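Heads up, the thing below is written out as structure tokens.
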Amino acid sequence: DGSELVEVNNYVRANQIDPNPKLFGIAKDKNIIYISLESLQNFVINSEMNGQVVTPFLNELTKDKDTFYFSNFYHNTGLGKTSDSEFIVENSLYGIGGGAVFFTNSGNTFNSFSEKLNDNGYFTSVMHANNKSFWNRDVMYKAMETQKFYDVDSYTIEEGQAVNWGMKDIPFFEQSVDHMKEMPQPFYSRLITLTNHYPFHLDDEDMFIDEYDSNSGTLNRYFQTARYMDESIKVFFEKLKESGVYDNSIIVMYGDHYGISENHNAAMSQYLGKEITPFENAQLQRVPLFIHIPDSGIGKEMTEVASQVDIRPTVLHLAGIDTSKDMQLGADLFSPDHEDFAILRDGRFVTEDYVFAANTCYDKMTGEATDTEACEPYAKRAQQELNYSDQIIIGDLLRFYDDKTGKLLTDGETEDSKDQ
Ligand code: GP9
Ligand code: MN
């Protein structure tokens with residue numbers, strides 16, 4: 001009957017922090033473009049592989065005056081992979097533990113990012129050149145009130161423009177900009193890339209660097225597809241500038257989840273020149289986050305520990321949209337009060353000083369196991385937060401929450417019954 005929501009609400013309100021007043025509304029009424037960077041892990045950023053730069057364009061952005069680059073940013077995804085990352089950035093909740101929330105809870109009530117933007121005059125969409133029902137996207141997007149899904153049928157795939165899972169990212173981005181030119185503004189669109197996906201195959205003409213030389217073909221090819229992704233983003237920025245849409249937009253790009261699993265630890269260890277301990281594996285769950293605000297001149301590298309649940313409040317605040325009544329578990333990354341804390345879906349977590357993995361508390365500076373007690377208070381909170389997220393989703397608790405007023409509807413009313 002919604003009474004579980006009382007405790008969840010108390011937790012959310014107790015952890016709520018104020019936005020940074022200097023940045024609140026800095027991107028008001030601008031288009032918001034999200035780019036989901038398929039399988040892109042942070043270890044390739046500002047790195048070389050056998051003397052070859054892997055992500056030259058993104059590397060420039062890490063130093064760009066209009067770009068915030070978050071270098072200690074973690075994904076929160078579980079079995080739902082890309083779809084989990086979509087769920088997380090839309091709702092600032094975690095996916096569910098044992099499956100993909102896009103399949104298990106697509107009938108729920110949500111107070112999504114898209115819904116908030118709709119309410120603030122935005123046209124909202126997702127662009128992804130795959131079958132619309134993959135990951136149950138068509139159904140879930142309706143539940144999250146995304147107004148349009150530009151799926152594979154919105155793209156023309158010419159001879160030579162598909163590889164691996166489908167349409168190559170470069171033509172995908174080119175055609176996506178053409179769609180953007182037709183959209184009512186301001187718009188929010190989430191572009192989901194595809195080429196840098198396991199098993200990381202490319203046509204010869206798209207290989208801009210050589211393969212790596214480990215015993216893992218997967219890791220060897222990953223550097224090449226990551227390099228291709230970098231090129232595709234460069235093309236996207238160029239096209240967007242030509243179209244005129246760029247000047248009135250902000251661009252938020254994030255890695256969706258890891259690309260290289262633990263099955264490739266030996267090869268990873270060869271590349272990184274160190275053993276892949278549980279500590280290192282947790283650190284490999286970092287994905288890049290870029291927030292690009294054209295002509296702002298305020299960009300810099302941000303080193304706070306953060307994760308995907310933080311994107312929703314951060315971007316809404318940049319757009320000047322209040323989230324103080326929202327049932328969200330992330331926090332504004334620009335708030336002076338943002339806490340260094342990232343919770344992974346499997347219960348691992350990272351703080352300013354510690355990494356907790358394989359039931360071991362690691363000292364972050366040394367990577368050595370330390371006293372478990374140091375991690376204990378955080379471990380409780382990590383479990384609690386994941387539990388609250390699960391409760392909200394499994395109990396479909398947002399039915400009982402009026403996000404306009406912050407009122408809990410615990411007496412038999414629901415969001416739907418109220419509107420009738
Ligand atoms: C499929 C794409 C890849 O449409 O988003 O999904 P993933 O396997 O990464 O979850
Ligand atoms: Mn993915």
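Note that ligands are numbered from 1 as they come in the structure, with each ligand's atoms numbered from 1 the same way. Worth saying up front: this structure is predicted, and the values here are computed from it rather than measured.
The distance from ligand 1 to the heavy atoms of Leu194 drops below 4.0 Å at these ligand atoms: 2 (C). Within the listing of ligand 1, atoms 1 (C), 2 (C), 4 (O), 5 (O) sit less than 4.0 angstrom from a heavy atom of His128. Within the listing of ligand 1, atoms 1 (C), 4 (O) sit less than 4.0 angstrom from a heavy atom of Asn130. Counting atoms of ligand 1 from 1 in the listed order, those under 4.0 Å from a heavy atom of Phe134 are 1 (C), 4 (O). Atom numbering of ligand 1 starts at 1 in the shown order; those under 4.0 Å from a heavy atom of Glu38 are 3 (C), 9 (O).
Residues Asp151 and Arg137 are not paired through a salt bridge, judged by the lack of any N-O separation under 4.0 Å between the basic side chain and the carboxylate. Salt bridge annotation for Glu38-Lys81: absent, with no cationic side-chain nitrogen under 4.0 angstrom from a carboxylate oxygen. Between Asp66 and Lys300, no side-chain nitrogen of the basic residue sits less than 4.0 Å from a carboxylate oxygen of the acidic one, so the salt-bridge criterion is not met. A salt bridge does not link Arg221 with Glu211: none of the charged nitrogens is closer than 4.0 Å to a carboxylate oxygen. For Glu339 and Arg381, the salt-bridge test passes: some basic side-chain N is under 4.0 Å from an acidic carboxylate O.
Residue Thr82: an N/O/S atom is found under 2.8 Å from the Mn ion (ligand 2). Here His257 meets the criterion, with an N, O or S atom under 2.8 Å of the Mn ion (ligand 2).
Checked against a 3.5 angstrom limit, the closest N/O atoms of Thr82 and ligand 1 fall inside it. At under 3.5 Å, not a single nitrogen or oxygen of Asp256, backbone or side chain, sits near a nitrogen or oxygen of ligand 1.
Across Asp326, Asp403, Asn111, a single residue satisfies side chain to side chain donor-acceptor pair (under 3.5 Å) together with Lys116, and that is Asp326. Each of Glu145, Gln147, Glu90, Arg190 was scored for a side chain to side chain donor-acceptor pair (under 3.5 Å) with Ser114, with one residue passing: Glu90.
Heavy atoms only, all atoms of each residue included: Asp84 and Gly78 are closest at OD2-N, 2.8 Å.
Nearest protein neighbour of atom 8 (O) of ligand 1, counting heavy atoms only, is His197 NE2, 2.7 Å.
With respect to the Mn ion (ligand 2), Asp256 has OD2 as its nearest N, O or S atom.
Distances from atom 5 (O) of ligand 1 to the heavy atoms of Lys81, Arg137, His257 show the closest one on Arg137.
Thr62 places a side-chain N or O within 3.5 Å of a backbone atom of Asn59 that can act as its donor or acceptor partner.
A heavy-atom separation below 4.0 Å is found between Trp135 and ligand 1.
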